[in-house]
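Take a look at the structure set out below.
Side chains are part of it too, since the values below use all heavy atoms of this structure and drop only hydrogens, waters and symmetry mates. Below, chain A is the first sequence line, B the second, and so on; all start at residue 1.
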Amino acid sequence: MTASISDALLDWYDRNARALPWRNPPGAPLPDDAAWPYRVWLSEVMLQQTTVAAVKPYFEAFTRRWPTVEDLAAAPEDDVMAAWAGLGYYSRARNLVKCARAVAARGGFPAEEAGLRELPGLGAYTSAAIAAIAFGRRAVVVDANVERVVARLFALRQPLPGARKPIREKAEAITPEMRAGDFAQAMMDLGSQVCTAKAPRCLLCPLSSDCEGREKGIAESLPIKPAKKAKPERRGTAFWIERINGPGREVWLVKRPGTGMLGGMRALPDDGWSARDDGSGAAPWGGNPEGMWAGVWEDLGAVRHTFTHAHLTLGLRRAEISGEPGGEGEWWPIERLEEAGLPTLYAKAARLALARES
DNA sequence: TAGTCGTGGTA
DNA sequence: TTACCAAGACT
C-alpha cells in the first residue's frame with residue numbers, strides 16, 4: 001500500500017511537474033555539471049518561506065552574476081546582501097555567503113544529508129532536500145507542503161507542532177528508495193497546486209483514493225494549526241538627509257547591525273524603532289529633530305509595512321544639509337539608489353521621498 | 001519550546 | 001482592509 005502511494009505520485013509528477021529554472025526534468029538522470037548542486041542549494045535556500053514566483057528573478061540574477069559556488073564565495077558580502085534585497089529573511093543571505101565559502105574551501109558540497117546539515121543556513125528540511133534532489137540520496141524531505149499532504153493522507157488530527165513526529169514517521173514510510181528527489185518535489189508540487197491549504201482540489205489528486213482525510217471529510221481542516229498571535233502596531237521615524245554634490249544629489253545611508261531585523265542591510269537612519277518598541281522620534285546622531293537642525297525638517301508623510309510579527313507606520317522626515325550628519329554612514333548618489341540594495345521598507349520610504357521631489 | 005526574522009500574493 | 005501563508009533556520 002505504501003509503495004503504491006509513491007508510484008501513483010511519481011506517475012502524476014511525470015505528467016504534471018512544473019518546469020522551474022533550477023529543476024531537473026522528472027525521471028532524468030542527475031546533471032553531470034559541477035554547478036548542479038550549487039543551483040539546487042541556492043534555490044532551496046531562496047525558497048525557504050518564499051514563493052516560487054518571488055524566487056525566480058532572484059535565482060536568475062544570482063546564477064547569472066555568480067555561476068558557481070566559487071564565484072559566490074569570492075563575492076564581497078555587501079554585494080550579496082544588496083542582491084538579496086527585497087527577498088526577505090536576510091539572515092539567509094549572510095548564511096549564504098558563509099556556506100559558499102565553507103563549500104568552496106572544502107572543494108564542493110557534501111553529498112550526504114548529515115554533512116549538509118552542518119553547513120550554515122541548512123536545517124533539517126534543506127539538507128534533506130539537497131541530498132535527495134542534487135545527489136539522489138534517499139532522504140525524508142518534510143516541508144509545510146509535505147506536512148499538509150501527509151496530515152490529510154493519514155487523517156492526523158493532532159495539532160501542530162506536536163504532530164511533527166507522526167508526520168515525519170508517515171513521510172518516512174512512503175518515501176521510496178529510488179527517485180527520492182523527484183518524490184520530494186512531487187509532494188511539494190502536489191501541496192502547492194492540488195492539496196492546497198485552502199480548498200484542496202481532491203478531484204485532481206492522484207492520491208485521492210488513498211486519502212483518509214478525504215474519506216472522513218476532514219481533509220480541508222488538516223493539519224490543525226495553533227492560533228496566530230495578533231501583530232502589534234508600531235510607529236517609527238526615518239530620516240531622508242540629502243545634499244547636493246556636483247551635478248547630482250546624494251542621500252545619507254547607514255548600515256543596520258548584523259543581527260536582528262533587516263540585519264546587515266543598508267537603510268535610512270531612523271529613531272530606533274523595533275518590532276518590540278516604538279521609535280523615539282529623534283534622529284540617531286543625537287538631539288531631537290527640533291534641536292540640531294531646528295526648522296530644517298520637512299514632514300513627508302509615512303509608509304506602512306507589515307513584518308512577520310508587527311505592523312509598522314514609518315514616518316519620513318526630510319532635510320537638505322551642507323555638512324555631515326555625523327555617525328557611521330555613506331553618501332549615496334540618488335541616481336543609483338537602486339544599486340544600494342534597500343530592503344522593501346526603505347525602498348517604500350525612498351519612493352515616497354522621491355515622489356515629493358522636483 | 002516559543003519567539004524572531006520579510007515579503008508579496010490571495011481570498 | 002485584514003488575515004493567512006509560502007520549498008524554515010536559528011536561538
Lys231(A) NZ to dT1(C) P, in whole Å, measures 16 Å

Rounded to the Å, how far apart are Asp143(A) CG and dC5(C) P? 15 Å

Within the structure, does a side-chain N or O atom of His305(A) lie under 4.0 Å from either OP1 or OP2 of dG6(B)? no

Rounded to the nearest angstrom, tell me the gap between atom CZ in Arg148(A) and atom P in dG8(C). 10 Å

How close do Trp331(A) and Ile241(A) get, heavy atom to heavy atom, and via which atoms? CZ3-O, 3.6 Å

Could you tell me whether the phosphate oxygens of dC5(B), OP1 or OP2, come under 4.0 Å of any side-chain nitrogen or oxygen in His309(A)? yes

Looking at Thr50(A) and dG8(B), is any side-chain donor or acceptor paired with a base atom of the opposite kind under 3.5 Å? no

Any base atoms under 4.0 Å from Thr126(A), or only sugar-phosphate, or nothing? Heavy atoms, all strands. sugar-phosphate

Taking dT4(B), dG8(C), dC4(C) as options, the one with an atom nearest any side-chain atom of Tyr125(A) is dG8(C)

When the distance from CZ of Phe307(A) to C1' of dA6(C) is rounded to whole Å, what number comes out? 18 Å

Quick one: Gln193(A) CD to dC5(C) P, roughly how many Å, whole number? 19 Å

Can you tell which of dC5(B), dG8(C), dC4(C) lies closest to the side chain of Gln49(A)? dG8(C)

If the plane angle is over 60° it's perpendicular, under 30° parallel, otherwise tilted; pick one for Tyr346(A) and Trp273(A). tilted

Between Phe307(A) and His309(A), ring centroids under 6.0 Å: no

Strictly below 4.0 Å: does Thr51(A) bring a side-chain N or O up to OP1 or OP2 of dT7(B)? no

Let me spell it out: for each of Tyr90(A) and Lys198(A), pick the nucleotide of DNA chain B with the closest heavy atom. Which residue's pick is nearer the 5' end? Tyr90(A)

Which part of the nucleic acid, if any, lies within contact of Leu262(A), taking any heavy atom under 4.0 Å across all strands shown: a base, the sugar-phosphate backbone alone, or nothing? sugar-phosphate

To check you understand the geometry: which heavy-atom pair defines the closest contact between Asp278(A) and Arg234(A), and what is its length? OD1-CA, 3.3 Å

Mind checking whether Trp252(A) and Phe239(A) have ring centres under 6.0 Å apart? no

Sugar-phosphate, base or nothing in reach of Ala197(A), heavy atoms under 4.0 Å: sugar-phosphate

Kindly say if Arg92(A) contacts the phosphate of dC10(C), meaning a side-chain N or O under 4.0 Å from OP1 or OP2. no

Under a 3.5 Å distance rule, please check whether Arg138(A) uses its side chain to pair with a backbone N or O of Thr175(A) as donor and acceptor. yes

Just call it for Gly260(A): base, sugar-phosphate, or nothing, with non-hydrogen atoms closer than 4.0 Å on any strand. sugar-phosphate

dT11(C) versus dG6(B) - spacing of their P atoms, nearest Å: 14 Å

Can you confirm whether Arg235(A) is buried at CZ, in the sense that more than 12 heavy atoms of other residues, nucleotides or ligands lie under 6.0 Å from that atom? no

Mind calculating the distance between CZ (Arg94(A)) and P (dG8(C)) to the nearest angstrom? 19 Å

Any base atoms under 4.0 Å from Ala54(A), or only sugar-phosphate, or nothing? Heavy atoms, all strands. nothing

So which one's nearest nucleotide on DNA chain C is more toward 5', Glu44(A) or Asn95(A)? Glu44(A)

Using whole Å, report how far OH of Tyr89(A) lies from P of dC5(C). 13 Å

Quick check on dT7(B): is either OP1 or OP2 less than 4.0 Å from any side-chain nitrogen or oxygen of Thr344(A)? yes

How would you label the contact of Arg18(A) with the nucleic acid (heavy atoms, under 4.0 Å): base, sugar-phosphate, or nothing? base

Judged by each residue's nearest nucleotide on DNA chain B, which is more toward the 5′ side, Thr259(A) or Ala53(A)? Thr259(A)

Nearest whole angstrom, please: distance from the C1' of dG6(B) to the CZ of Arg234(A). 17 Å

Nearest to the side chain of Lys229(A), heavy atoms from C-beta on, is which of dG8(C), dG6(B), dG3(B)? dG3(B)

Of the listed nucleotides (dT7(B), dG3(B), dC10(C)), which one gets closest to any side-chain atom of Arg117(A)? dC10(C)

Measuring to OP1 and OP2 of dA9(C), would you say a side-chain N or O of Lys98(A) lies under 4.0 angstrom away? no

